[in-house]
Q: 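My structure is below; once you've seen it, I'll send some questions.
All figures in this text were calculated on a predicted structure; none of them were measured in a lab. In what follows, every chain begins at residue 1, and chains take the letters A, B, ... in the order their sequences are listed.
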Amino acid sequence: MTNKLVLLDGNSIAYRAFFALPLLSNDKGIHTNAVYGFTTMLLKILEDEQPSHLLVAFDAGKTTFRHKTYEEYKGGREKTPSELSEQFPVIRELLDHFGIRHYELPQYEADDIIGTLARQAEQEGFDVKVISGDRDLLQLVSERVSVAMTKKGITNIETYTPSFMEEKVGVRTDQFIDLKALMGDSSDNIPGVPGVGEKTAVKLLTQFGNLDSIYDNLDQVSGKKLKEKLETNKEEAYMSQQLVTIEVAAPIEVGLADVNYDGYDTTEVSRYFKELGFQSLMGRITGEEVEEATPEDLPELHFTILEEVKEEHLGQPAALVVEMLGENYHTAEVEGIGLVHEAGAYFIPTSVAMESELFKSWLEDSQQEKYVFDSKKTYVALKRFGIEANGLSFDLLIASYLINPSENHHDIPSISQRTLKTPISYDENVYGKGAKMKVPEQSVLAEHVVRKTDALFQMKSQVVEQLQENEQRELFNELEMPLSTILGNMEHTGVKLDLERLNAMGEELKERLGQIESDVYELAGETFNLNSPKQLGPILFEKLELPVIKKTKTGYSTSADILEQLRDKHEIIPKILIYRQLGKLQSTYIEGLLKLVTEDEHKIHTRFNQALTQTGRLSSTEPNLQNIPIRLEEGRKIRQAFIPSVSGWKIFAADYSQIELRVLAHIANDDKLIQAFNDSEDIHTKTAMDVFHVNKEDVTDQMRRQAKAVNFGIVYGISDFGLSQSLGISRKEAKTFIERYLESYPGVKDYMEEVVQNAKQTGYVTTLMNRRRYLPDLTSRNFNQKSAAERTAMNTPIQGTAADIIKKAMIDLHERLEEEQFEANLLLQVHDELILEAPEHELEKLKDVVVDVMEHTIELSVPLKVDYSYGPTWYDAK
DNA sequence: CACCCCACGC
DNA sequence: GACGTACGTGGGGTGC
């Protein structure tokens, strides 16, 4: 077997880990984020690479032999934060526990150690893999040496081989040093040739081969300016070349024999993990089942499995867990119920619970307070048994989500770990996952359920305190909690589908798809899988020799916007586009919906996720009813299959007009924008007038379209790049549009600046109703991350406030419909619109009520405007 | 089963 | 100059 040497750039990985992860600290108050990230990376490498030899190289100190050549080497770098430098000794200690050699050499950098050992190992016939985030190391790439660069985050890596290098960088490995010599490297303060960037450097090297040859043939360099620059900066170029060249004969005192690696001692490492508080990594070091939360570790728990529910078992407030396996609570079986209150802890088998009138009436009693995790799920599950749960006063899922929506582990064990510091087994470890998921024996099930219920009971007060600190009690109690039940009812009600209609559309599509498919094969001269971009790419861009506009990581891009640009180049293109369009309708919307329709009622029951999006919007799954086609007529027809559940009823739809821009006008308090809405102007036309400085009569369709895209950009927080993409213009032009917009609306401009400034201070942004979103990247040193966070800071209050408003409208509407005894049902919410079904005779009154409620649920400095319509199907409600 | 590419909505 | 750029969900293909 070939020996395999893995060389890690310790400093680089630690840096990456440090900046990629939030500043975690363990219970001893020591920062551990870099150590943690480093460990994750290390475990992944050990697993993936199975090295026979392993060494971690570190930089020795501040000065290196390179400083003799160039004093300012690595000058201008920010000082390593102390939160990171204090972690280096811990990383070294960690490596010792793993039995992994680490090494540093005075006056040399980690690169040189790596280079030297890599070359030695190569000579000995080893396979070598270098892992780092420092691109300089790419010069080591050869047939036997591959270099893995960390990309975004830490475990996301990209491996460079000679061929990948050529493809990605555009030069051969042996040209890499000269590439850097020409273009320099600002992070290491290497000058290069000023004015020569990556593009020019690659061009020069492709033409001349190497640096020497460029200078030998200076007269052949095209461009007077460029020639001059090269000439005057020759010395810098050669000095840069020297600086970036990695020493491959450093006087290191470790040899290949010293870095032999046979793996680590699991007990040793797990002991150290425990010391560090790396609970979650325990499971990864044994290669076996996660050993977290073994019964021994957990405090004892006394509970009773009930055979009959009696008065004495009930109490309030109580934590209640209706346990189901899997995600879909519309179909999942209830496996049992956990109940914990001051006086006892119980597991109630489903049959016992559902046969008990006493228990059922307790569930329905609004005076009996219950704490739950996911009230909507609980509510819907019980509703399936004909029980109308009441008194669900506290939902841990929603609370956790409101406190920090970006935390993506909102499950009882994770929250318990965070707030109580008590570990509980994760569902996945008790039930298994995917196809292997199964119900364990009752004692195991009962213990797990009761433990979760108990944790829920214990956590309630702490979590409420956190809501209080965030000033989110009202948001929680008056908005999200009541909404949960309303959404539960909508989901439970479901939407009826016209199966005949759907099937007929499916048939027609099948026919057309078949025809187009064979046309495409004919035009291509061969058959292939038209659904595979990987197979389609070579057909278009090699066989048919169409111009390559864009490549993806794995091949040619064949996305719609690319194909659109090729539309006139070959008659196969429009066929592919229409095939894609129809194929999407067939697979996602026809087949996808048919798969989920109930047999008896022909209804679909989506699930709204109320605790997921970062902005406060809802999302919808299985099926997603928030992305049913509307833009193109072909797709829009799908909506003809969405019908009222009672014959003679109608589908009624009401949507907010420009709610986000109105919200913006309000929170930015921009006079001009407020005026525009108060005057009921067409906002896109108005924007066009202001951005292009023209009169209303002179606004062309083109101008309005562009203004609309700018408004779209403001609402969704897209970048100049995004805007340029959507308008098919240059990034510079897009930037100008945005600037002109902000000049036109100074109130908006001020708001944008203020909100970012404010968010930098506090670390988060808020909506009108105090929804919160943390934006740690606002202080990122990475330009892109930082600007993305800035756009998010500007956009989230807008989108989030709009989400708050429609949620409030739903609550108000629900109340009005009950009060006035409407039969109409709320069915769906699609971000800025509500879809209902109603008997025909209610329509006249319904439209008044819905419009009134939606328009007046909140008072802003601009009016809210609602449009509505209705018809026999969703399609007709347009 | 995880990942990529692609496409739908707001 | 930075190199990847609104948020979601889902389907099909691909490779482990």
Q: Mind listing the residues from residues 604-615 of chain A sitting with a heavy atom below 4.0 Å of DNA chain C? Number order is fine.
A: A:L612, A:T613, A:Q614
Q: With sugar-phosphate meaning primed atoms plus P, OP1 and OP2, does A:G635 contact a base, only sugar-phosphate, or nothing at under 4.0 Å between heavy atoms?
A: nothing
Q: Is A:E591 paired with A:K510 through a side-chain N to carboxylate O contact shorter than 4.0 Å?
A: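 So A:K510 does not pair with A:E591 through a salt bridge.
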Q: By the 4.0 Å heavy-atom rule, please label A:K433 as base, sugar-phosphate, or nothing.
A: sugar-phosphate
Q: Any ion pair linking A:R617 and A:E660 (charged N to carboxylate O, less than 4.0 Å)?
A: yes
Q: Is A:D804 salt-bridged to A:R771, going by a charged N under 4.0 Å from an acidic O?
A: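 Judged by the 4.0 Å cut-off on N to carboxylate O distance, A:D804 and A:R771 do form a salt bridge.
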Q: Could you tell me if A:K551 sits above the aromatic ring of A:Y556, with its cationic atom closer than 6.0 Å to the ring centre and no more than 45 degrees from the axis?
A: yes
Q: OP1, OP2 of C:dA6 versus side-chain N and O of A:S719: anything below 4.0 Å?
A: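 The answer is yes; a side-chain N or O of A:S719 sits under 4.0 Å from OP1 or OP2.
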Q: Supply the atom-to-atom distance A:L402 CG to A:E480 CD, rounded to the nearest 0.5 angstrom.
A: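 Between atom CG of A:L402 and atom CD of A:E480 there are 5.0 Å.
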Q: Output the single nucleotide from C:dT5, B:dA2, B:dC4 whose closest atom is nearest the side chain of A:F721.
A: C:dT5
Q: Is it possible for you to check whether A:R772 lies under 6.0 Å from the centre of the six-membered ring of A:Y764, through NZ or CZ, and within 45° of that ring's axis?
A: yes
Q: Taking the six-membered ring for Trp and the full ring for Phe, Tyr or His, determine whether the centres of A:F712 and A:Y716 are under 6.0 Å apart.
A: yes
Q: Nearest-Å distance, CZ (A:R617) to P (C:dC7)?
A: 11 Å
Q: Salt bridge check: are A:R704 and A:D682 linked by an N-O gap of less than 4.0 Å?
A: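 Yes, charged N to carboxylate O under 4.0 Å.
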Q: State, to 0.1 Å, how close A:L585 and A:P629 come at their nearest heavy-atom pair, and which atoms those are.
A: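 Closest approach of A:L585 to A:P629, heavy atoms only: CD2-CG, 3.8 Å.
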Q: Considering just the side-chain nitrogens and oxygens of A:T558, establish if one lies under 4.0 Å of OP1 or OP2 belonging to B:dC6.
A: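 For A:T558, the contact criterion (side-chain N or O under 4.0 Å from OP1 or OP2 of B:dC6) is met.
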Q: Expressed in angstrom and rounded to an integer, what is the separation of A:L582 atom CG from B:dA7 atom C1'?
A: 13 Å
Q: From the options B:dC8, C:dG4, C:dA6, select the nucleotide whose nearest atom is closest to the side chain of A:P629.
A: B:dC8
Q: P atom, B:dC6 versus C:dT5: distance in rounded Å?
A: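 Per the computed distance, 14 Å lies between those P atoms.
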Q: Picking from C:dA6, C:dG4, B:dC5, which would you name as closest to the side chain of A:K553?
A: B:dC5
Q: Out of curiosity, A:T796 OG1 to A:Q614 CD, how far, rounded to the nearest 0.5 Å?
A: 8.5 Å
Q: Expressed as a whole number of angstroms, how long is the span from A:F712:CZ to C:dT5:C1'?
A: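 Computing the A:F712:CZ to C:dT5:C1' distance gives 14 Å.
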Q: Rounded to the nearest angstrom, tell me the gap between atom CZ in A:F528 and atom P in C:dG13.
A: 13 Å
Q: When the P atoms of B:dC4 and C:dG4 are compared, how many Å lie between them, rounded to an integer?
A: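 Roughly 13 Å separates the two P atoms.
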Q: For B:dC4 and A:T552 - does any side-chain N or O of the residue sit under 4.0 Å from the phosphate oxygens OP1/OP2?
A: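 No.
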Q: Of all the nucleotides listed (C:dG13, B:dC10, B:dC8), which has the minimum atom distance to the side chain of A:S532?
A: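 So the nucleotide nearest the side chain must be C:dG13.
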Q: Are A:R567 and A:E564 ion-paired here, with the side-chain N under 4.0 Å from a carboxylate O?
A: yes
Q: Between A:L530 (CG) and B:dA7 (P), how many Å, whole number?
A: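 So the CG-P distance, A:L530 to B:dA7, works out to 11 Å.
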Q: Examine C:dT9: is either OP1 or OP2 under 4.0 Å from a nitrogen or oxygen in the side chain of A:S619? Give yes or no.
A: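 A:S619 to C:dT9 OP1/OP2: side-chain N or O found under 4.0 Å.
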Q: Please confirm whether the backbone N or O of A:K865 pairs with a side-chain atom of A:S657, one donor and one acceptor, at under 3.5 Å?
A: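 Not a single qualifying donor-acceptor pair exists.
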Q: Without decimals, in angstroms, what is the distance between A:N408 CG and C:dT9 P?
A: 12 Å
Q: Using the ring pair (Phe, Tyr, Trp, His ring centres under 6.0 Å) criterion, which residues pair with A:Y875? Sequence neighbours excluded.
A: none
Q: Picking from B:dC4, B:dC10, B:dC6, which would you name as closest to the side chain of A:R580?
A: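 Closest of the options to the side chain of A:R580: B:dC6.
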Q: Below 4.0 angstrom, N of the basic side chain to O of the carboxylate: do A:K637 and A:E633 qualify?
A: yes
Q: Calculate the interatomic distance between A:L828 atom CG and B:dC8 atom P; express it in whole Å.
A: 20 Å
Q: Side chains of residues 532-540 of chain A: which donor-acceptor partners sit under 3.5 Å, not counting sequence neighbours?
A:
residue: A:S532; atom: OG; partner: A:K534; partner atom: N; Å: 3.3
residue: A:S532; atom: OG; partner: A:Q535; partner atom: N; Å: 3.1
residue: A:Q535; atom: OE1; partner: A:N529; partner atom: N; Å: 2.9

Q: Taking atom types as they are modelled, is there a donor-acceptor pair under 3.5 Å from the base of B:dG9 to the side chain of A:R639?
A: no
Q: Counting side-chain heavy atoms from CB outward, which of B:dC6, B:dC10, C:dC7 is closest to A:R773?
A: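 So the side chain of A:R773 is nearest to C:dC7.
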Q: Would you tell me whether A:R580 and A:T558 have side-chain atoms, one donor and one acceptor, within less than 3.5 Å of each other?
A: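 The answer is yes; a qualifying pair exists.
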Q: Starting at CD of A:E660 and ending at C1' of C:dC7, how long is that distance when rounded to a whole Å?
A: 11 Å
Q: Tell me which residues in residues 788-798 of chain A lie within less than 4.0 Å of DNA chain C, going by non-hydrogen atoms.
A: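 Contacting residues: A:R791.
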Q: Under 3.5 Å, which N/O atoms of the protein pair with N/O atoms of nucleotides 10-12 of chain C?
A:
residue: C:dG10; atom: OP1; partner: A:E622; partner atom: N; Å: 2.5

Q: Only Watson-Crick and G-U wobble pairs, only distances under 3.5 Å, only runs of 3 or more: what stems does that leave for DNA chain C?
A: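 Stem list for DNA chain C: B:1-9 with C:7-15.
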Q: Could you work out which one of B:dC5, C:dT14, B:dA7 sits closest to the side chain of A:Q535?
A: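 Of the options given, the side chain of A:Q535 lies nearest C:dT14.
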